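Everything below concerns the one structure shown next.
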Number of protein chains: 2
Amino acid sequence: MPQISQKGRMMPESPIRKLVPYADQAKKRGIKVYHLNIGQPDIPTPQSMIDAMHQLDVGVIEYSHSAGILSYREQMCGYYADHGIKLTPDQIIVGAGASEAILFAFQTCLNPGDEIIVPEPFYANYNGFAISAGVNIRPITSYIESGFALPPIEEFEKVISPATRAIMICNPNNPTGYLYSKDELELLRSIVLKYNLFLFADEVYREFCYDGSSHFSVMNLEGLDRNVVLFVSVSKRYSACGLRVGALISRNEEVIATALKFAQARLSPPSLGQIAAQAAANTPPSYFTDVIQEYVMRRDVVVQALNQMEGVVCPNPRGAFYVTAKLPIDDCDTFCQWLLDSFSHENQTVMLAPASGFYSTPGAGKNEVRISYVLKVDDLKNAMACIEQAIREYPGRVV
Amino acid sequence: MPQISQKGRMMPESPIRKLVPYADQAKKRGIKVYHLNIGQPDIPTPQSMIDAMHQLDVGVIEYSHSAGILSYREQMCGYYADHGIKLTPDQIIVGAGASEAILFAFQTCLNPGDEIIVPEPFYANYNGFAISAGVNIRPITSYIESGFALPPIEEFEKVISPATRAIMICNPNNPTGYLYSKDELELLRSIVLKYNLFLFADEVYREFCYDGSSHFSVMNLEGLDRNVVLFVSVSKRYSACGLRVGALISRNEEVIATALKFAQARLSPPSLGQIAAQAAANTPPSYFTDVIQEYVMRRDVVVQALNQMEGVVCPNPRGAFYVTAKLPIDDCDTFCQWLLDSFSHENQTVMLAPASGFYSTPGAGKNEVRISYVLKVDDLKNAMACIEQAIREYPGRVV
């Protein structure tokens, strides 16, 4: 019998997916499970996008250009111009989600064995893309005590080696919600220039900045046109994760020309998704005002409730829709499974993401969980009551 | 300035895309260009699929299961059951087109440096997926004299080495239209078992079999459940290339479990495309009868016209919508460019795909072109008149 590959054996199983059977079991026992483990918002997709499908006027659903429908890329340029970022359509390659864009960038910019430095905790699927491309992620730990701010630049320099080819950030951050400041990004700029590295930036949550803060994009860093590769997506922006429409953006012509060859090999990004995404230009500004107001309310409910629980530490992040909190527990994997297979409070429980899965350093994040505030406020209140009771009852409680 | 990767530099540019600027120039000069270079059919997408979008009834366009919407996979099982192939939904992983499915399979089954044997000429994008996965394609030449039949099994054995991990076929074939017989597939079966190899089969054109012939799938080969990985797509089946919905299918549980981890890293295949694809179950059987009748008419026009031209050899293939023909020319790349930049006949010309791009062996296919019969019969007749005149006038004509 033919064997599967080394890469295949190295691919991690998602720490969240391991819990799915336990959640299913809990539901079978009649327990209501609040899903705080996912990045799938419950916010309605803008009506303009649904309308675009209702009014779909094509005889043949054709391939688009491999880099994406030109008029859609032009519209994206308009969007970014409104946000102070000047782009041309040929600096954009539309991908099947930011996921595909990230894989294109890894393959375009890194040789097998090369390294990318990523502050941890980080979005776990970066590991999968790294394995696909045969490259290695070198983590630098950020800490809950500083709200998961950018680690000191010396920490980056400690791990930079001849194999280092890129630094990657997610801003606002998944899983911490941390919003990097302009000053932090300027520090990254200096080190990227000093060591001649690519700077990969996942800005899929850029719409979600709170408390009057605004997003500063890596595209606005001076003199980094050769270094910056940006990943964007409509998944979170318009609560339309299933479209699979994202993009790789760079002002480095060689990166674009090469990534385009990978894009041409797979022919085209999804056409229907692009048509819907383009229609989102007709989304009224009030959509975002409402969505952001809703997320701030949710975040406040979660952060306040968590910090009132004994032994719990939760920063108050200013972006995305996640928090990573420290709980008085021995092991987050055990705890998250226990929540589903051994616990209930008023016949309800919660599904959380163990933070261990977002760290590469062995043992890091063992007492942390990621909570996505993608449910309505009342549900979040019930979910917080569950967590509060759970950390009282949990046998592995650490005092 | 950071350098791009070795893989990036190895990625081939599509032989067809190189011609696009010349076609654009010809159009600017007012010349009508018949596009026989592409695999984008002009056949209307079934109304059931368009209707599914017109009636889209979702509030949030959500991620689907990473392996695809369960009800869609169940429906696919029904489709294959109707064609004598027994499958379960967990043997199917929906991908963003067969393209993604092929990349998943290469990454799942092969280590960097491993080899896949592929009869040439073959679909050029296999090269791109091979480079992405870091694996090597070993071509075995099939010849126009035998209508591009499967090369003798001894030819396979000559190139099998410890690095060989898989044999890959496309059936019916792109770019030749050749339909492999059950006997040919049985020969492949024996060699796959003898050397413990994977058998990858791209059957995206399985609907398109002519002259009363029927498709024999690798899924029907006895005792190969561990070896066979099948790639399918709705792109050609329903003339819906832009959906980006295909699948990887295997009865090898380890292959599926591993490919699923790659699928989970990118979260989900396109949801709208899957909804449309599922609706295709309501396509009346007459759709295919009509489409096949149309393609047979087109093929007959093309094959007959070509074989009446002096010095031209064109087999009469029984599948897909391509022919690869031998022309009395010195170099197909030069010829195809000349057609666009130096030739016209009654103010018309044709864009063809140089067959050199479908061969890996240097110099092979130099006097061959691929012709896609994806235009209406009247257009095809005009296009054939152009080719006839062109090979009379072409300065590099070989007598």
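In what follows, chains carry the letters A, B, and so on, assigned in the order in which the sequence lines appear, proteins first and then strands, with residues in each chain numbered from 1. Predicted model only: the values in this text are computed from it and were never measured.
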With a 4.5 angstrom heavy-atom cut-off, is it the side chain or the backbone of [X] that approaches chain A, or both, or neither?
X	value
Asn252(B)	side chain
Phe104(B)	neither
Ile43(B)	backbone
Ala133(B)	backbone

Handout entry: Selection from Gln264(B), Gln274(B), Gln47(B) maximising heavy-atom pairs under 4.5 Å formed with chain A
Key =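 If we count pairs closer than 4.5 Å to chain A, Gln264(B) comes out on top.
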
Practice task
Tell me, out of Gln3(B), Glu13(B), Gln55(B), who's got the most heavy-atom pairs with chain A below 4.5 Å.
Solution key: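 Option with the top pair count is Gln3(B).
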
Please tell me if the side chains of [X] and [Y] come closer than 4.5 Å, counting only heavy atoms from C-beta onward.
X	Y	answer
Leu267(B)	Arg244(A)	yes
Cys241(B)	Glu62(A)	no
Ile50(A)	Val58(B)	yes
Asn227(A)	Pro2(B)	yes
His54(A)	Leu56(B)	yes

Practice task
Give, for atom CG of Asn125(B) and atom NZ of Lys261(A), the distance between the pair rounded to the nearest 0.5 Å.
Solution key: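 Taking CG in Asn125(B) and NZ in Lys261(A), the distance rounds to 13.0 Å.
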
Problem - Gap separating the CD1 atom of Ile61(B) from the CE atom of Met49(A), nearest 0.5 angstrom - result: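 Spacing of CD1 (Ile61(B)) from CE (Met49(A)) equals 6.0 Å.
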
Under a 4.5 Å cutoff for heavy-atom pairs, which residue among [options] has the most contacts with chain B?
options	value
Ala276(A), Pro270(A), Pro44(A)	Pro270(A)
Ser99(A), Ala265(A), Ser271(A), Pro41(A)	Ala265(A)
Pro112(A), Cys109(A), Gly128(A)	Cys109(A)
Gly273(A), Ser64(A), Ser132(A)	Ser132(A)

Problem - Check: Lys7(B) side chain, Gln107(A) main-chain N or O, donor-acceptor pair, under 3.5 Å - result: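 Between the backbone of Gln107(A) and the side chain of Lys7(B) there is no qualifying donor-acceptor contact (under 3.5 Å).
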
Practice task
Start with the C-alpha gap between Ser5(A) and Leu110(B), add the side-chain angles, then the distance that decides, and say whether side chain to side chain contact (heavy atoms under 4.5 Å, CB included) holds.
Solution key: CA-CA 5 Å; Ser5(A) 68; Leu110(B) 287 92; 5.6 Å; no

Exercise for the section: Consider only side-chain N and O atoms of Arg9(B) and Thr258(A), and report whether a donor and an acceptor are under 3.5 Å apart. Expected result: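 No - no donor-acceptor pair under 3.5 Å links their side chains.
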
Exercise for the section: Please check if any side-chain donor atom of Arg17(B) sits under 3.5 Å from a side-chain acceptor atom of Ser66(A), or the reverse. Expected result: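 Judged by distance alone, the side chains do pair up.
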
Practice task
Give the C-alpha distance, both sets of side-chain angles, the deciding distance and a yes or no for side chain to side chain contact (heavy atoms under 4.5 Å, CB included) between Val255(A) and Ile4(B).
Solution key: CA-CA 7 Å; Val255(A) 166; Ile4(B) 63 154; 4.3 Å; yes

Exercise for the section: Start with the C-alpha gap between Leu272(B) and Ile275(A), add the side-chain angles, then the distance that decides, and say whether side chain to side chain contact (heavy atoms under 4.5 Å, CB included) holds. Expected result: CA-CA 11 Å; Leu272(B) 294 176; Ile275(A) 293 168; over 6 Å; no

